[in-house]
Protein chains: 2
Amino acid sequence: MEYTVQKLGKLAGVSTRTLRYYDEIGILKPARINSSGYRIYGQEEVNKLQQILFYRELGVSLENIKEIVTAPSFDGASALKGHRDKLLERREQLDLLIANVDKTIAAIEGRITMSDREKFEGFKQKMIEENEAKYGNEIREKYGQEQVEKSNKAFKNMSKEDYDKMTNLANEILETLAEAIKTKDPASELAQKAADLHKQWITMCWGDYNKEAHAGLAQMYVDDERFTAYYDEKQPGTAVFLRDAIHIYTGIKA
Amino acid sequence: MEYTVQKLGKLAGVSTRTLRYYDEIGILKPARINSSGYRIYGQEEVNKLQQILFYRELGVSLENIKEIVTAPSFDGASALKGHRDKLLERREQLDLLIANVDKTIAAIEGRITMSDREKFEGFKQKMIEENEAKYGNEIREKYGQEQVEKSNKAFKNMSKEDYDKMTNLANEILETLAEAIKTKDPASELAQKAADLHKQWITMCWGDYNKEAHAGLAQMYVDDERFTAYYDEKQPGTAVFLRDAIHIYTGIKA
DNA sequence: ATTGACATTGACGTTGCGTAAAGGTGTATA
DNA sequence: TATACACCTTTACGCAACGTCAATGTCAAT
């Protein structure tokens with residue numbers, strides 16, 4: 001089957017302007033130009049457009065789409081499997097947002113209370129995802145770590161100094177903890193220093209600070225195995241130790 | 001809790017530029033300006049920003065968001081319930097897209113075949129939804145039918161004539177069918193005329209035509225109760241009659 | 001031969017911000 | 001007390017991904 005701009009446009013649900021634009025920027029060239037200068041698209045172009053729309057749907061910029069689909073190594077089939085994963089991720093994120101709406105409604109009706117931070121839960125996840133779309137896998141492989149760090153910095157809306165400070169802080173926490181745990185006393189000076197460093201870290205992450213959230217997060221480090229794994233990597237029991245230290249530091253048991 | 005631009009930005013996952021822009025266009029004004037000219041946001045603004053981000057997430061333009069959230073009749077609680085519904089719709093649409101990817105993968109692996117039209121299934125639904133976001137309920141109530149027609153026209157990327165023609169065609173099909181069914185013969189001249197009109201209608205909808213799809217759609221009119229209801233509204237049995245006529249017209253039984 | 005829906009190439013407009021530039025503010029530290 | 005340094009401000013230009021004319025050519029049907 002052969003298509004003119006309008007036919008392909010109707011088929012795919014895009015405007016003729018879009019198709020001409022895609023031709024202009026070299027992301028989807030027609031199979032041939034007929035004697036009157038009309039753009040004629042064929043089977044291959046239909047499939048390519050489908051791929052392009054998948055990437056677009058995922059928030060990838062046309063510039064990056066171009067790099068991806070015109071690359072000689074481009075493999076349509078494996079790209080589709082990537083799309084699948086991303087779409088599933090997106091559905092999870094959607095569920096998070098829906099849960100957020102439900103919570104907000106419940107909060108308005110007075111059934112529960114909701115912190116300001118909770119009010120924006122689903123949105124931030126979305127940003128991470130969009131960032132991934134921008135500087136995701138394909139790009140990561142090409143330009144390496146630098147781009148990714150830049151994007152992380154951009155995402156967090158931080159200055160370079162802030163970003164470095166946070167990275168250092170995270171390391172310092174781990175080091176201090178490694179020393180502190182030898183005392184076996186979560187009330188010890190070193191343990192309390194670790195808790196204080198952790199407070200600073202949280203403040204940078206969230207932009208604000210309150211003891212309840214801090215104590216709650218500390219408990220989560222124990223309850224959620226992903227966090228437990230992070231802190232316990234070098235020395236099992238570190239997550240529990242940190243939680244105890246923070247509970248003493250804040251004077252709150254979650 | 002009071003917030004400066006950066007604190008609120010971090011909390012909500014938006015840039016300071018975005019907050020200043022929202023102030024500039026009058027969609028989110030700070031609670032007050034302090035003695036040094038700093039923007040200070042309070043509790044009310046936090047909640048309003050959350051609402052704004054919900055609408056933005058759903059693809060509503062900032063101009064429309066402004067109309068919505070600044071309207072004196074704006075009811076945050078019921079708006080949230082609206083968000084919930086839209087998000088659920090969006091999840092269904094996502095599932096459609098995911099199904100589409102799965103189908104495409106299966107098609108590449110040769111397990112099934114896939115028509116060009118099927119390749120873009122999920123995307124078009126998305127466009128309808130985006131259009132709803134643009135010219136949706138709130139606007140519909142304000143500007144009435146005109147805007148909605150305009151948007152429908154825009155969505156379908158049709159000329160005004162095309163749009164009118166389609167509407168007329170749809171009516172003509174129903175009228176012809178109403179007459180034809182009296183003959184009780186799906187092979188009758190009138191019934192075949194109805195099938196031919198229906199072919200024209202399909203061609204306008206899809207931009208192309210093939211008999212298999214036509215016959216398949218006819219069968220769907222019988223299988224899917226939403227379509228059956230549409231055709232059977234005036235006279236039960238019309239959907240079945242149309243299907244039979246089309247199967248004769250195309251020479252195919254789905 | 002004319003109509004009317006198709007196509008073409010410019011070229012300027014729009015949305016929702018990003019990104020300097022140039023400067024004032026507030027507080028911790030040397 | 002000075003000096004850093006992260007915070008805030010306004011002004012202003014830049015950008016992606018098209019939308020939207022305008023001016024013109026093409027093609028099939030009446």
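As a basis for the values below, the full set of heavy atoms in this structure was taken, side chains included, without hydrogen atoms, waters or symmetry mates. On a predicted model such as this, the values are computed, not experimentally measured, just so you know.
In terms of heavy atoms, Leu80(B) sits closest to Val101(A) at O-CG1, 3.3 Å.
In terms of the side chain to side chain donor-acceptor pair (under 3.5 Å) criterion, Glu63(B) has no residue partners (sequence neighbours excluded). Residues passing the side chain to side chain donor-acceptor pair (under 3.5 Å) test with Glu2(B) are Arg32(B), sequence neighbours excluded. By the salt bridge (charged side-chain N to carboxylate O under 4.0 Å, His left out) test, Arg17(A) pairs with no residue at all, sequence neighbours left out. Taking the side chain to side chain donor-acceptor pair (under 3.5 Å) definition, one finds that Arg20(B) meets it with nothing, sequence neighbours left out. For Asp75(B), the side chain to side chain donor-acceptor pair (under 3.5 Å) test picks out Ser78(B), with sequence neighbours left out.
In the set dT15(C), dC8(D), dC18(D), dT15(C) carries the atom at the smallest distance from any side-chain atom of Glu63(B).
At whole-Å resolution of the value, CG in Asn64(B) and P in dG16(C) are 9 Å apart. Note: CG (Leu53(B)) to P (dG16(C)) measures 13 Å, nearest angstrom. In this structure, CG of Leu19(A) is placed 13 Å from C1' of dA17(D), rounded to the nearest angstrom. Remark: P of dA17(D) and CD1 of Ile52(A) are 12 Å apart, rounded to the nearest angstrom. Rounded to an integer number of Å, the gap from Arg17(A) CZ to dT14(C) C1' is 13 Å. The nearest whole Å value for the distance from the CD1 atom in Ile65(B) to the C1' atom in dG16(C) is 11 Å. The interatomic distance linking Tyr3(A) (OH) with dC6(C) (P) rounds to 17 Å, in whole Å. One can place NZ of Lys66(A) at 14 Å from C1' of dA17(D), the figure rounded to the nearest angstrom.
For the pair Ser15(B) and dG18(C), the criterion of a side-chain N or O lying under 4.0 Å from OP1 or OP2 is met. Taking only side-chain nitrogens and oxygens, Thr18(A) comes nearer than 4.0 Å to OP1 or OP2 of dG19(D). For the OP1/OP2 pair of dA6(D) and a distance below 4.0 Å, the side-chain nitrogens and oxygens of Gln6(B) include no atom meeting the criterion.
The aromatic rings of Phe54(B) and His83(B) sit parallel, their planes meeting at an angle under 30°, below the 60° perpendicular limit.
In the region residues 22-47 of chain A, proximity to DNA chain D at under 4.0 angstrom, judged on heavy atoms, holds for Tyr22(A), Ser36(A), Tyr38(A).
In this model, no side-chain donor or acceptor of Arg20(A) finds a partner on the base of dT9(C) within 3.5 Å.
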